[in-house]
Amino acid sequence: MTSVSKIETDELHLQGDVDRSVDPVFELDHVCHSYGRNQVIFDVCLSVWPGEVVGLVGDNGAGKSTLLKIFAGYQQPTSGQLKFLGKPVDFKTPADARALGIEAVYQDLAIVDQLNLWQNFYLGKELTKKVGPVNVLDRKEMRRKTLSALSELGLTRIRSADEPVWALSGGERQSVAITRANHFGAKLLLLDEPTAALSVRETRNVLSSIREARNQGLGVMYIDHNMSHVIPVADRIVLLEHGRIVRIIDRGDVSVEELQDLIAQKPNLEK
Ligand SMILES: Nc1ncnc2c1ncn2[C@@H]1O[C@H](COP(=O)(O)OP(=O)(O)O)[C@@H](O)[C@H]1O
Ligand SMILES: [Mg+2]
């Protein structure tokens, strides 16, 4: 029986099975990574399919954030190949990854405090309309679409797209960033500990926006040190140890306690 502490699993149910007969949205093929002379990733092979959440877990320093940064174009593998929808790719910068629809959501970086909600939502993708011969910002349409995208994800507390972003809770910020990725047709969503420092209620909202992104067909790679957050939303859980994948566990095959023991390397569990 999987225990999920205070998170309500029935609100988080995943629809349907992942179709692994198609090309993975993203693939690491025998990837190694070193910082200077310090090798931290060893021969990692990992695929994320469309509509799949891969939970990446492991002890501090295992290399989780480094792997995510390789997916996001922030770090280049020392050796090995990246593939996007079956085709080899070579990211020189995060912009290369973003151009293909890979969105990374970090704790604080995803949205800009000084801008209000709709400005954040449409940052870099502003809608315009023609007034006579000139293009002007279509503020009304951006306000309307921002509110409807947020309310579709259950962020109904938010009444106005003019709300300043600094007034949002940590969980609402994460959900806005995830909703934004979803809305603009991202293919792969990368999340590095998005629930750190969130309340139970906020965490539930973030987890439900992850599930929503997945059910709409995005591939998601999700890092969290809290196993009771990872287990309800992950289709597969990948356990990383000293830069190597040591286990890949299917949904439903592990409990919170077992996973915690695996990470802590309790000797009584067979590997
Ligand atoms: N920018 C960096 N420069 C040098 N070493 C780094 C850097 N980032 C991470 N490391 C090292 O790489 C290893 C893996 O770190 P990281 O990917 O952050 O692990 P995790 O996210 O699982 O805690 C650690 O030994 C860490 O000290
Ligand atoms: Mg990390």
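Order of appearance sets the numbers: ligands from 1, and atoms from 1 within every ligand. Excluded from the calculations below are hydrogen atoms, water molecules and symmetry mates; all remaining heavy atoms, backbone and side chain alike, are included.
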I would like to know whether Gln39 and His33 meet side-chain hydrogen bond (donor to acceptor under 3.5 Å, both in side chains); could you show each step before the answer?
CA-CA 6 Å; Gln39 185 168 358; His33 186 71; over 6 Å; no
Within a strict 2.8 Å cut-off of the Mg ion (ligand 2), protein N/O/S atoms tallied 1
Pair Tyr122 + Phe184: ring centers closer than 6.0 Å:
yes
Give one line per pair: atom of ligand 1, protein atom, distance. Only N/O to N/O under 3.5 Å.
residue: ligand 1; atom: 8 (N); partner: Tyr35; partner atom: OH; Å: 3.4
residue: ligand 1; atom: 17 (O); partner: Thr66; partner atom: N; Å: 2.9
residue: ligand 1; atom: 17 (O); partner: Thr66; partner atom: OG1; Å: 2.5
residue: ligand 1; atom: 19 (O); partner: Gly63; partner atom: N; Å: 3.1
residue: ligand 1; atom: 21 (O); partner: Ser65; partner atom: N; Å: 2.9
residue: ligand 1; atom: 21 (O); partner: Ser65; partner atom: OG; Å: 2.9
residue: ligand 1; atom: 22 (O); partner: Ala62; partner atom: N; Å: 3.2
residue: ligand 1; atom: 22 (O); partner: Gly63; partner atom: N; Å: 3.0
residue: ligand 1; atom: 22 (O); partner: Lys64; partner atom: N; Å: 2.9
residue: ligand 1; atom: 22 (O); partner: Lys64; partner atom: NZ; Å: 2.8
residue: ligand 1; atom: 23 (O); partner: Gly61; partner atom: N; Å: 2.7

Please go through Val18's hydrophobic cluster and name the other residues, only I, L, V, M, F, W, Y counting, with side-chain heavy atoms under 4.5 Å joining them.
Val22, Trp49
Spell out, as yes or no, whether a donor-acceptor pair under 3.5 Å connects the side chain of Asp96 to the backbone of Lys92.
yes
Checking Tyr35 against Thr66: is there a side-chain donor and acceptor pair closer than 3.5 Å?
yes
Taking only Lys NZ, Arg NE, NH1 and NH2, and the carboxylate oxygens of Asp or Glu, determine whether Arg244 and Asp43 approach each other closer than 4.0 Å.
no
Return each pair, listed once, that meets salt bridge (charged side-chain N to carboxylate O under 4.0 Å, His left out) where at least one residue sits in residues 213-228; pairs must be two or more places apart or across chains.
Arg214-Asp235
Would you call Glu52 and Arg236 a salt bridge, taking side-chain N to carboxylate O under 4.0 Å as the test?
yes
May I ask you to test the Ile249-Leu262 pair for a side-chain heavy-atom distance under 4.5 Å?
yes
